[in-house]
Protein chains: 2
Amino acid sequence: MTPSRQTSKVTLKDVAARAGVSISTASLVFSGRGPVADATAERVRQAATDLDYAGPDPTASALRQGRSGAVAVVVEERLLHAFRDPFALAVLDGLAQELDALGLSMLLVADHGDGESNPLAAHAVDAAVFPLCGRADSSLVDHLVARTIPIVGAGAPAHGSVVHVMVEERAAQADAAQHLVDLGHERLAHVTMPLAPTPPPGPPRTVSRGEIADAAYADARERALGFLDVAPTGTIVEASRADVAEGEAAGRLLLDVPAAERPTGIVAQSDLLAAGVIRAAESLGLRVPDDISVTGFDAVDLPWLDHTLTTIEQPGEAKGRLLGNLTRRLLAGENPSDTPFPVTLRLGDTTAPAPH
Amino acid sequence: MTPSRQTSKVTLKDVAARAGVSISTASLVFSGRGPVADATAERVRQAATDLDYAGPDPTASALRQGRSGAVAVVVEERLLHAFRDPFALAVLDGLAQELDALGLSMLLVADHGDGESNPLAAHAVDAAVFPLCGRADSSLVDHLVARTIPIVGAGAPAHGSVVHVMVEERAAQADAAQHLVDLGHERLAHVTMPLAPTPPPGPPRTVSRGEIADAAYADARERALGFLDVAPTGTIVEASRADVAEGEAAGRLLLDVPAAERPTGIVAQSDLLAAGVIRAAESLGLRVPDDISVTGFDAVDLPWLDHTLTTIEQPGEAKGRLLGNLTRRLLAGENPSDTPFPVTLRLGDTTAPAPH
DNA sequence: GGTACGAATCGAATCGATTCGATAGTCTGG
DNA sequence: CCAGACTATCGAATCGATTCGATTCGTACC
């Protein structure tokens, strides 16, 4: 219904013809790369306007130049779950800022894990980023390596060609546990994020040391090991998702028991899980931190939570920017190495000396 | 440091040469489009394996076929803010599901609004989606139209070439307000989302009828008009962001006044804002719904909220899928028209008869 | 006045595939 | 035994730009 539907696409050739110059000259006008007389440039621009030319075709340009201006951002789960955690969102945001400044766009790619469909085979990208710690191996990596596309990751996938931003998950989580021990807590428990891509559905469940060691997700595994370093006899419960509802369920599982068996300190692997645990505690009539101490991980902003969590401070936006930086350097031909990303324990009001 | 860095990229030509067939035959093997003898196909595949060929170059393929397999998903703000609302995330997720099924990927594009840099000029996309209601006009639209790229939107941008999913914002919000009137409430107030891309920073503020009429964001404007249809004398407050913190600030502004002036019913334009208002009320010692009734919009899942909001039910995932469907039909050459998306009032426990 | 130089422009090769029409070879049936 | 149908393969054109080396032209300098 538009007044004049263009019958065929306008190309640089058409513009050049109308301006009375060669295609190469017209190209120079748009790329601004070569010396072009002002008058000529103006004629070309006028012709482009007349013909409604929208600029050089990005595909053709990409083919010739060998770069597409897009970076694949790979997430494992459905977007809904991947970005429900404010921490993931912060990382994405930081990454977006950095890439934006480089004129790169993000191609959101879901890695379903079935080696079958390869969502990347059909797309031209200049680099790939795995911004969230996922499973240790991804079939996508082999493909990317074969295409000689640089890869940046946040702890996963584990592969020699992936440049990583590395967090000392184990030590950090041990710090949180040690903090509780220092406060006199003796019965500690731990709530993990999912240990594998498809955790057993249903309510949170207690997991064994062996299951920890075999966990497919490195971040969950390392944090659990850090907890065990400090509290070797502590109970460990796996949430099937790292969100408030699962955290609350895990909290109820741990806390809805006779007082003598009840842990007094709970180390959660994420702030959302910690918030859930706190909700569980309070709904059972237990006060935080008087009766129960709780720690989180990430230090995200939860305006609806009436506590300041004791947690591991991990600035997500900065992490995302760092990922972006590594991407830039790889694209510039540099050879950056894995980069540590420091995190620290932040004291809040959800931990206090053990009761009694 | 990889053992054998390929000196030059492997192309279809190399594979064809090694397999002893023509380029065209090799192409047929990968696209599976033409009749190829099993033995030949096998030889080609073997050659590809030998040479570490990662499949046809997506850029070249895109150029020849005229489609890139990517869809631009345009959001206005920084990603961090755009997807902080679970509703936005749900829409994105539904859209992702639908596009995934079509073999399309999402190119996340931030529309900064400055007509200067055009993030889309450099990228090949087959369609563009504006999944969240944003400002009425975007300079990107003209560019997309010139490139004859189909566009789908959720209420914005307003342009003849954009196919929309349409929500009766005004009527829906009026329903919520009417519900409060039916319960006997006489002093009503309204908390709006930002009315324009860059709302005055600082705390929420009361806005005039004129500012409503001039609002750049159609959804905020229409909802406010719906509120006014029912409560022409109600107070209206604009939040500078649609999140819990701003909702709480707006709530305090409205409720921290002498009881005689205090509204007994507050209609918020989003669930997050409503949750914030509830927090403000409770921190002032007011009970919801006994003292104050509050309504939201969207019916998102807020596991941390100890209420079931009375709200407008707007299934975000379904909305996203609908956007995906329209995209599919446009790409298939169909000519779909704007599609209504029904929303309904859902009663929860945050509204009750007016006190006294 | 002729040569050398720089600026502006152009022609043609190239990026790496897809696809159409042509050709060679195989099989069926009358 | 040959016309007709069908299968497998190939050559060449094409998608729409970018870019390198060559060409043209005017000017400055000796």
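Just so we're on the same page: letters track the sequence lines, and every chain starts at 1. As the structure is a prediction and not an experimental result, all values here were calculated from the model. As a basis for the values below, the full set of heavy atoms in this structure was taken, side chains included, without hydrogen atoms, waters or symmetry mates.
Atom CZ of A:F30 is separated from atom C1' of D:dG16 by 13 Å (rounded to the nearest Å). The CG-P distance, from A:L63 to C:dT14, rounds to 14 Å in whole Å. A:K13 places its NZ atom 11 Å from the C1' atom of D:dC15, with the value rounded to the nearest Å. Rounded to whole Å, the distance from CZ on A:R67 to C1' on C:dC15 is 14 Å. Rounded to whole angstrom, the span from the CG atom of A:D57 across to the P atom of C:dA17 amounts to 18 Å.
Here the options are A:R45, A:R43, A:R18, the test is salt bridge (charged side-chain N to carboxylate O under 4.0 Å, His left out), and the partner is A:D50; only A:R18 passes.
Each end of the helix from C:dG1-D:dC30 to C:dG30-D:dC1 gets its own axis from five base pairs, and the two axes differ in direction by 50°, given to 10 degrees.
Among residue pairs with one or both ends in residues 18-69 of chain B, those qualifying as ring-ring contact (aromatic ring centres under 6.0 Å, His included) are B:F30-B:Y53; sequence neighbours excluded.
Listed by chain and number, the residues in a side chain to side chain contact (heavy atoms under 4.5 Å, CB included) with A:T11 are A:K13, A:D14 (sequence neighbours excluded). Take A:F341 and apply the ring-ring contact (aromatic ring centres under 6.0 Å, His included) test, not counting sequence neighbours, and it matches no residue. For B:S61, the side chain to side chain contact (heavy atoms under 4.5 Å, CB included) partners are B:Q65, not counting sequence neighbours.
Nearest heavy-atom pair across B:A121 and A:P58 is O-CG, 3.4 Å.
Contact annotation for B:S27: base contact, defined as any heavy-atom pair under 4.0 Å involving a base atom. Within the 4.0 angstrom heavy-atom criterion, base atoms lie near B:P35.
Going from atom CG of A:L140 over to atom CD of A:E76 covers 9.5 Å, rounded to the nearest 0.5 Å. Atom CG of residue B:L12 and atom CG of residue B:L51 lie 11.0 Å apart, to the nearest 0.5 angstrom.
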Polar atom pairs (N or O), protein with nucleotides 10-13 of chain D, under 3.5 Å:
{"from": "D:dC10", "atom 1": "OP2", "to": "B:S22", "atom 2": "N", "distance (Å)": "2.8"}
{"from": "D:dC10", "atom 1": "OP2", "to": "B:S22", "atom 2": "OG", "distance (Å)": "3.3"}
{"from": "D:dC10", "atom 1": "OP2", "to": "B:T25", "atom 2": "OG1", "distance (Å)": "2.8"}
{"from": "D:dG11", "atom 1": "N7", "to": "B:S24", "atom 2": "OG", "distance (Å)": "3.2"}
{"from": "D:dG11", "atom 1": "O6", "to": "B:S24", "atom 2": "OG", "distance (Å)": "3.3"}

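Distances shorter than 4.0 Å separate none of the side-chain N or O atoms of A:Q65 from OP1 or OP2 on C:dT14. Contact check, A:Y53 against D:dG16: no side-chain N or O comes under 4.0 Å of OP1 or OP2. Residue A:R33 places none of its side-chain N or O atoms closer than 4.0 Å to OP1 or OP2 of D:dT18.
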Using the salt bridge (charged side-chain N to carboxylate O under 4.0 Å, His left out) rule, take A:R328 and A:E98 through it: C-alpha gap first, then chi angles, then the decisive distance, then the call. CA-CA 9 Å; A:R328 175 181 54 70; A:E98 208 62 32; 5.1 Å; no
